[in-house]
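Each remark here refers to the structure printed beneath this line.
Nothing fancy with the numbering, it's 1 onward along the sequence.
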Amino acid sequence: MRRYATESEMENRYHRIMKIQCRGVLFDLDGVLVDSTPAVARVWTIWANKHGFVPDQVVRQAHGRPSIATIRDLLPHADHQAENSEVERGEIEDTEGVIPLPGALEILQVLPQDRWTIATSCTRRLAEVRIRAAGLPLPKHMITSNDVQHGKPDPEPYLKAAQILGFPSTDCIVVEDAPAGIRAGQASGARVLALRTTAPDLELTESGATWIINDLASLRVNSSDHRDALDLFIEQR
């Protein structure tokens, strides 16, 4: 008699737990640890309407990049510093709805403090505001747009993030959600774990993601392992 797979067995076929090892974890901030999407959209919508741009297009263009890079692209002849200060002020003042993304707090509580950091396109002041608004721990050190000459997709942010942890970038895992950030991580020589919090799988894959998961709730850390390497377990569908 032919046996048909049960619903549970069918579900398990699409699940697999993969173990990966690294020495450090380099997180992006927005879209990875923190959901600031509503606040970002509100601020950039106001800015876009002021200058006659289509808000949805501006919001997409701004995600994962330093805000001044978007401003330079759209207003090549403007006072970029003044425009950037206006956007940053709006984002600092608007923290309504800024919350931790699934799994973020749990992962940061388990990872040894000297094994993770953040590399974000935000300014340092804005990054600290969002981290605190979301109730997440601040890293010992982090890389922000204030610390680099070239923002994502340039690899500089992730090269410097690995450096402050004291590891080669090739020994690190970058956790990203945006194509620009994935390309930055890949260009740094790190492997990239991409989250489905912002972009579709096709964009994540084309940008160079090594693995794709839903969010950080699909990531586990072997916190009892005190060897040089961290053991990470990712649940893939």
May I ask you to test the [X]-[Y] pair for a side-chain heavy-atom distance under 4.5 Å?
X	Y	answer
Arg124	Asp147	yes
Thr95	Ser36	no
Ile131	Ile118	yes
Asn146	Thr123	yes
Trp116	Ile173	no
Leu29	Met142	no
Gln163	Leu159	no
Arg130	Asp30	yes

What residues form a side chain to side chain donor-acceptor pair (under 3.5 Å) with [X], not counting sequence neighbours?
X	result
Arg60	none
Gln186	none
Asp73	Arg65

Any idea which heavy atoms bring [X] and [Y] closest together, and the distance?
X	Y	answer
Glu83	Ala78	CG-CB, 4.3 Å
Ser169	Ser188	OG-O, 2.6 Å
Glu203	Ala199	OE1-CB, 3.8 Å
Asp94	Glu96	OD1-N, 3.4 Å
Ala162	Cys172	CB-SG, 4.0 Å
Ala134	Ile99	CB-C, 3.8 Å

Derivation of the side-chain contact (heavy atoms from CB on, under 4.5 Å) call for Thr117 and Ile143: CA-CA 8 Å; Thr117 190; Ile143 299 298; 5.7 Å; no
From CA spacing to verdict: side-chain contact (heavy atoms from CB on, under 4.5 Å), Phe27, Leu111: CA-CA 12 Å; Phe27 293 99; Leu111 278 170; 3.7 Å; yes
side-chain contact (heavy atoms from CB on, under 4.5 Å) evaluation trace for Leu193 with Leu232: CA-CA 11 Å; Leu193 177 60; Leu232 306 182; over 6 Å; no
Derivation of the side-chain contact (heavy atoms from CB on, under 4.5 Å) call for Asp28 and Tyr158: CA-CA 9 Å; Asp28 179 38; Tyr158 284 119; 3.6 Å; yes
Parallel, tilted or perpendicular: rings of Trp47 and Phe53 (30°, 60°): parallel
Asp114/Lys140 ion pair, N-O < 4.0 Å: no
Residues Ser67 and Asn84: side-chain donor-acceptor under 3.5 angstrom: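 There is such a pair between these side chains.
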Common cluster, [X]/[Y], ILVMFWY with side-chain heavy-atom separation under 4.5 Å:
X	Y	value
Val110	Leu105	yes
Val32	Val98	yes
Val40	Ile71	yes
Val221	Leu101	no
Leu216	Leu230	yes

Crowding at CZ, Arg125 (>12 non-hydrogen neighbours, <6.0 Å):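 For Arg125, atom CZ is not crowded (no more than 12 foreign heavy atoms under 6.0 Å).
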Short side-chain to backbone donor-acceptor contact, Thr170 and Ala190, under 3.5 Å: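 Not confirmed, Thr170 side chain does not pair with Ala190 backbone.
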Side-chain donor or acceptor of Thr210 paired with backbone N/O of Val192 under 3.5 Å: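 Checking the backbone N and O of Val192 against the side chain of Thr210, a donor-acceptor pair under 3.5 Å is found.
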Give, for atom [atom1] of [X] and atom [atom2] of [Y], the distance between the pair rounded to the nearest 0.5 Å.
X	Y	atom1	atom2	value
Thr198	Ile182	OG1	CD1	9.0 Å
Ser218	Arg196	OG	CZ	8.5 Å
His141	Ile164	NE2	CD1	6.5 Å
Asp215	Leu33	CG	CG	11.5 Å
Ile213	Glu235	CD1	CD	9.0 Å
Leu195	Asp177	CG	CG	6.5 Å

Worked verdict on Gln61 versus Trp44 for side-chain hydrogen bond (donor to acceptor under 3.5 Å, both in side chains): CA-CA 10 Å; Gln61 185 170 344; Trp44 280 103; over 6 Å; no
